[in-house]
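One structure is given here, and the rest of the page talks about it.
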Amino acid sequence: AKDPKFAEGVMYMASLNREQPSAWVMLGIAAVNNEDLNLGKAAYQRAIDLGSPQRKLIQIHINAIDAHS
């Protein structure tokens, strides 16, 4: 997430793959990296809703965001 083109690449990937959980996970990472916790949480939740196989790990990130609030 430290690559200067990371956010641009994530937005491009998300626009092409709106129904892929991985795109939403990457959007969540980019949002949290930019300190937008609300967007990060929403993106992570969308990934779960789309059936991400990483549900347990993503839920840990959501819980951390909730604990931060």
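- In this structure a side-chain-to-backbone donor-acceptor pair under 3.5 Å is missing from Asn33 to Ile29.
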Table please: side-chain donor-acceptor pairs of residues 20-27 below 3.5 Å, with sequence neighbours left out.
unit_1, atom_1, unit_2, atom_2, d
Trp24, NE1, Arg18, O, 2.7

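- Residues that satisfy the side chain to side chain donor-acceptor pair (under 3.5 Å) test with Gln59, not counting sequence neighbours, are Asn63.
- The salt bridge (charged side-chain N to carboxylate O under 4.0 Å, His left out) test applied to Glu35 returns no partner, not counting sequence neighbours.
- For the residue pair Leu50 and Glu19, the shortest heavy atom distance occurs at CD2-OE1, 3.4 Å.
- Partners of Asp49 by side chain to side chain donor-acceptor pair (under 3.5 Å), not counting sequence neighbours, listed by chain and number: Gln45.
- Screening residues 31-66 for ring pair (Phe, Tyr, Trp, His ring centres under 6.0 Å), with sequence neighbours left out, gives Tyr44-His61.
- The shortest side-chain heavy-atom distance between Ile48 and Ile62 falls under the 4.5 Å cut-off.
- Remark: Asp36 engages no residue in a side chain to side chain donor-acceptor pair (under 3.5 Å) (not counting sequence neighbours).
- Linking ILVMFWY side-chain heavy atoms closer than 4.5 Å, directly or via other members, places Ile65 and Leu39 in two distinct hydrophobic clusters.
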